[in-house]
Amino acid sequence: MSTEQTFIAVKPDGVQRGLVGDIISRFEKRGYKLVALKLVTPSKEHLEKHYADLSEKPFFKGLVTYMLSGPIVAMVWEGRDAVKTGRTILGATNPLASAPGTIRGDYAIDVGRNVCHGSDSVENGKKEIALWFKPEEVASYKSAQFDWIYEKA
């Protein structure tokens, strides 16, 4: 169990449906610290780089086109086991397999409109954060809630 950072993005469907505030609230209520946030409209090249690991999949072109369809909220969250727990908060990639109470389980039906993206490993989280944010855009601070969330070692 370690303190780490994860990249979470609210996809165009989540932004258009007004779910940004609820998604932020779920991470905050869980105890994670928001260290970077911006509303962006990335280029096709940027999205192709982000999803490069999926470039051979038949749905790749449609995914990139969809992600170009509207603004995206890019975020970096920090805390203990942020990557693994962040994925749990989001739910399964296929919303129909997501448990109720997860973001995708509560707000999505189709895989192609699954509201959010979340880093799937610490290594990928670091790559994604570096792709979406300059180092100076990621804040470093101790949250006032820190001592109420984490036990002292």
Got more than 12 heavy atoms from elsewhere within 6.0 Å of [atom1], [X]?
{"X": "Glu136", "atom1": "CD", "result": "yes"}
{"X": "Arg30", "atom1": "CZ", "result": "no"}
{"X": "Lys38", "atom1": "NZ", "result": "yes"}
{"X": "Leu39", "atom1": "CG", "result": "yes"}
{"X": "Gln145", "atom1": "CD", "result": "no"}

Can you check whether [X] reaches [Y] side chain to side chain, under 4.5 Å on heavy atoms?
{"X": "Lys29", "Y": "Ile24", "value": "no"}
{"X": "Ile72", "Y": "Val15", "value": "no"}
{"X": "Met75", "Y": "Ile23", "value": "yes"}
{"X": "Val115", "Y": "Lys11", "value": "no"}
{"X": "Thr93", "Y": "Arg87", "value": "yes"}

query: Does NZ or CZ of Lys33 lie under 6.0 Å from the centre of the six-membered ring of Tyr141, at an angle within 45° of the ring axis?
result: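 Ring-cation test returns yes.
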Heavy-atom donor-acceptor pair, [X] side chain to [Y] backbone, under 3.5 Å:
{"X": "Ser69", "Y": "Tyr66", "answer": "yes"}
{"X": "Arg104", "Y": "Ala99", "answer": "no"}
{"X": "Thr65", "Y": "Lys61", "answer": "yes"}
{"X": "Asn94", "Y": "Leu96", "answer": "yes"}

task: Could you walk me through whether Trp77 and Gln5 pass the side-chain contact (heavy atoms from CB on, under 4.5 Å) test, one step at a time?
output: CA-CA 6 Å; Trp77 289 93; Gln5 293 181 334; over 6 Å; no
Between [X] and [Y], which heavy-atom pair has the shortest distance, and what is it?
{"X": "Pro42", "Y": "Trp132", "answer": "CG-CH2, 3.7 Å"}
{"X": "Asp53", "Y": "His50", "answer": "OD1-O, 4.0 Å"}
{"X": "Gly91", "Y": "Ser98", "answer": "C-OG, 3.6 Å"}
{"X": "Leu54", "Y": "Phe59", "answer": "CD1-CE1, 4.0 Å"}
{"X": "Glu128", "Y": "Ser119", "answer": "OE1-OG, 2.6 Å"}
{"X": "Ala36", "Y": "Phe133", "answer": "CB-CE2, 3.6 Å"}

field: Asn114, Ile8, Thr102 screened by side chain to side chain contact (heavy atoms under 4.5 Å, CB included) with Leu90, the one that passes
entry: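 Testing each of Asn114, Ile8, Thr102 against Leu90, the sole residue satisfying side chain to side chain contact (heavy atoms under 4.5 Å, CB included) is Ile8.
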Atom pair [atom1] ([X]) and [atom2] ([Y]), whose distance is rounded to the nearest 0.5 Å:
{"X": "Ile149", "Y": "Ser143", "atom1": "CD1", "atom2": "OG", "value": "5.5 Å"}
{"X": "Ser140", "Y": "Glu78", "atom1": "OG", "atom2": "CD", "value": "7.0 Å"}
{"X": "Phe27", "Y": "Cys116", "atom1": "CZ", "atom2": "SG", "value": "7.0 Å"}
{"X": "Asp81", "Y": "Glu4", "atom1": "CG", "atom2": "CD", "value": "5.5 Å"}
{"X": "Leu63", "Y": "His117", "atom1": "CG", "atom2": "NE2", "value": "10.0 Å"}

- request: Answer with yes or no whether the side chains of Tyr32 and Thr85 bring together a donor and an acceptor at under 3.5 Å.
  value: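 Checked: Thr85/Tyr32 side chains pair up, N/O donor to acceptor below 3.5 Å.
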message: For a quick check under 3.5 Å, do Tyr107 and Asp13 share a side-chain donor-acceptor pair by atom type?
response: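 No.
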message: So that I can tick it off, tell me whether Lys142 and Asp147 are bridged by a salt bridge, with the cut-off set at under 4.0 angstrom between side-chain N and carboxylate O.
response: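 Judged by the 4.0 Å cut-off on N to carboxylate O distance, Asp147 and Lys142 do form a salt bridge.
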- request: Decide, yes or no, whether a salt bridge links Lys127 with Glu123 under the criterion of side-chain N to carboxylate O below 4.0 Å.
  value: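 Salt bridge flag = yes for Glu123 with Lys127.
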Under 4.5 Å between side-chain heavy atoms, counting indirect links through other Ile/Leu/Val/Met/Phe/Trp/Tyr residues: same cluster for [X] and [Y] or not?
{"X": "Val35", "Y": "Val122", "value": "no"}
{"X": "Val64", "Y": "Val111", "value": "no"}
{"X": "Phe7", "Y": "Leu37", "value": "no"}
{"X": "Leu68", "Y": "Leu131", "value": "yes"}
{"X": "Leu47", "Y": "Val73", "value": "no"}

Candidate pair Lys44 and Glu48, rule salt bridge (charged side-chain N to carboxylate O under 4.0 Å, His left out), full reasoning: CA-CA 6 Å; Lys44 180 179 181 203; Glu48 286 172 344; 3.7 Å; yes
